[in-house]
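Reviewing the structure listed below.
Values below: all heavy atoms of this structure, side chains included; hydrogens, waters and symmetry mates excluded. Along the sequence shown, residues are numbered consecutively beginning with 1. Remember, it's 1-based here, ligands and their atoms both numbered in the order they're listed.
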Amino acid sequence: MSFSNLGLSDKVLAAVAATGYTTPTPIQEQAIPHVLARRDVLGIAQTGTGKTAAFVLPMLTLLEKGRARARMPRTLILEPTRELAAQVKENFDKYGAGQKLNVALLIGGVSFGDQDSKLTRGVDVLIATPGRLLDHTERGGLLLTGVELLVIDEADRMLDMGFIPDIERICKLVPFTRQTLFFTATMPPEIRRITEAFLHNPQKVEVSRPASTAVTVSQLQVGCGREAHEKRDILRQLIRGAKDLKNAIIFCNRKREVALLHKSLLKHGFSAVALHGDMEQPARMAALDQFRKGESALLVASDVAARGLDIPEVSHVFNFDVPHHPDDYVHRVGRTGRAGRLGTAISIVSPADQKSVVAIEKLIGQPIPAMEGAPVADVTNLDISERPSRSSSRRGGDKRRGDRAPKERQTAERPSQERQPQERQPQERHTQERHPEKSGEERKPRRNEQRGGRGRKSEIDSNSVAPIQTASSPPSIGRLRSEPAASRDAGADAGDHSHLPAFLLRPIRARV
Ligand code: AMP
């Protein structure tokens, strides 16, 4: 199948050819003809499948006819985060270079005045986050009655972020006769309900099993104690010991942890940038840019900030924290192993994370193997040879705070602000857009996460051992700066252990 069989216009085909793409991806092949035929489409596809072009290319073809009117956009694309919205705009800039279309971005962190004047000039494609879009409609500066085509992208993410009530309101503001393209990676019941309410006889297009991880990604887990400094120590060892590490995204569950870990990595001589929702928009874009260009090998990020971002060729993903929601795991792991490339995803698992790991394994339908020779969570007073298998350590559980039923934990941890954006008043929403930390574009720390660092003392005292390294020197990892020579050499007497994972060379100190 080639792009020329899909019904796209000559201009769009020329733009595709200029990017060097010769074959449509499965989602493009299946969705584009239906979009051009003006059908509603329900696309079940993860990021990395080429789904953005699956709606951008036919939209560009359809938009060649007709003109925009002031304050009445012809098409509307809803995205959960500013970065995703900006990424979609880049797609329009890339594929629509030969067309004179007005494409506007309505996202928080940008002045209303500039956005208003763009709307006044008439917009062919409006790409927006739900909150800022509703702000504009409530101010009377925007009419959605001219929208012919509506795209709801990353719908399951919108659900996670509590945007569904906003989406429902927006759907009621656009004409009933519009065409709707709806993309989601998973189909939880709430999303199914929305699709039944707002799509008309949609053509369903599914390109991969929902919530599956790519077969090209090696997934591993490494146990650790509870202390944050121990996790950081393990992460540094994983980075230094990783084979073929070109670059990596390191995920944390909390914004605060992102900032702390970023600082710590810099202190230890790594080249790293951070991405989380508390950062100002220009700083977020600059960090992403640095990582994309390879100027920084490590990106420390929170889920919301990194979800769906198109960062090709990420060799490694580290879960510094195991995500509480299994879907997040799938999305994180999906940052590597894209487009058939090989990737590695390693999760650092503390005793409290065991239940999350069980839920993840259930969702992805496969166990996440323990990294060979790596420490296993909850190990005390044991020599390495006596370590229990992963399953037996899991049975031990975390009696102090991790043993609540998963459902109960989820409810308790779900922040109310995220869940009820419909209760925000218009004025309040303006404030929130100016202060991204309140905008609902980032998860708040969950109750039991806020107690980080106060758990029982780590079993493995990282201060008692020198930083380890296998006997062979660490693989070259591009722009990662390494530790001072003294600490690098600490494991140089490891003899013939060069084949062993670094963890096996690390003394375990029994607690007395
Ligand atoms: P997306 O799923 O939209 O985030 O796209 C993932 C990546 O695939 C992006 O870097 C696109 O530029 C790239 N891409 C999209 N369509 C194609 C194609 N037909 N062939 C090769 N790469 C593509």
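Counted within 6.0 Å of NZ on Lys94, heavy atoms from surrounding residues, nucleotides or ligands total more than 12; the atom is thus considered enclosed. Arg69 CZ: 12 or fewer foreign heavy atoms inside a 6.0 Å radius. By the 6.0 Å contact criterion, CG on Asn5 is enclosed, its count of non-hydrogen atoms from other residues, nucleotides or ligands being greater than 12.
With no hydrogens or angles considered, no side-chain donor-acceptor pair links Thr52 and Asn91 at under 3.5 Å.
Counting only non-hydrogen atoms, the option in Phe3, Tyr21, Phe183 that gets closest to atom 11 (C) of ligand 1 is Tyr21. Taking all heavy atoms of Ala45, Gly20, Gly50 into account, the minimum distance to atom 5 (O) of ligand 1 is reached by Gly50.
In this structure, Thr120 contributes its side chain and Asp116 its backbone to a donor-acceptor pair below 3.5 Å.
Atoms CG and CG, from Leu126 and Leu119 in turn, are 6.0 Å apart once rounded to the nearest 0.5 Å.
Atom numbering of ligand 1 starts at 1 in the shown order; those under 4.0 Å from a heavy atom of Thr23 are 18 (C), 19 (N), 20 (N). The distance from ligand 1 to the heavy atoms of Lys94 drops below 4.0 Å at these ligand atoms: 12 (O). Remark: ligand 1 atoms within the under-4.0 Å shell around heavy atoms of Thr25 are 17 (C), 18 (C), 19 (N). Short contacts between ligand 1 and Thr52, defined as distances under 4.0 Å to a heavy atom of the residue, involve ligand atoms 1 (P), 3 (O), 4 (O).
The part of Gln28 lying near ligand 1 is the side chain, judged by heavy-atom distances below 4.0 Å.
Using a 4.0 angstrom heavy-atom cutoff, Glu29 does not count as in contact with ligand 1.
A cation-pi arrangement is present between Arg132 and Phe112, with the terminal nitrogen or guanidinium carbon under 6.0 Å from the aromatic centre and inside a 45° cone about the axis.
Between Tyr95 and ligand 1, not a single N/O pair is under 3.5 Å apart.
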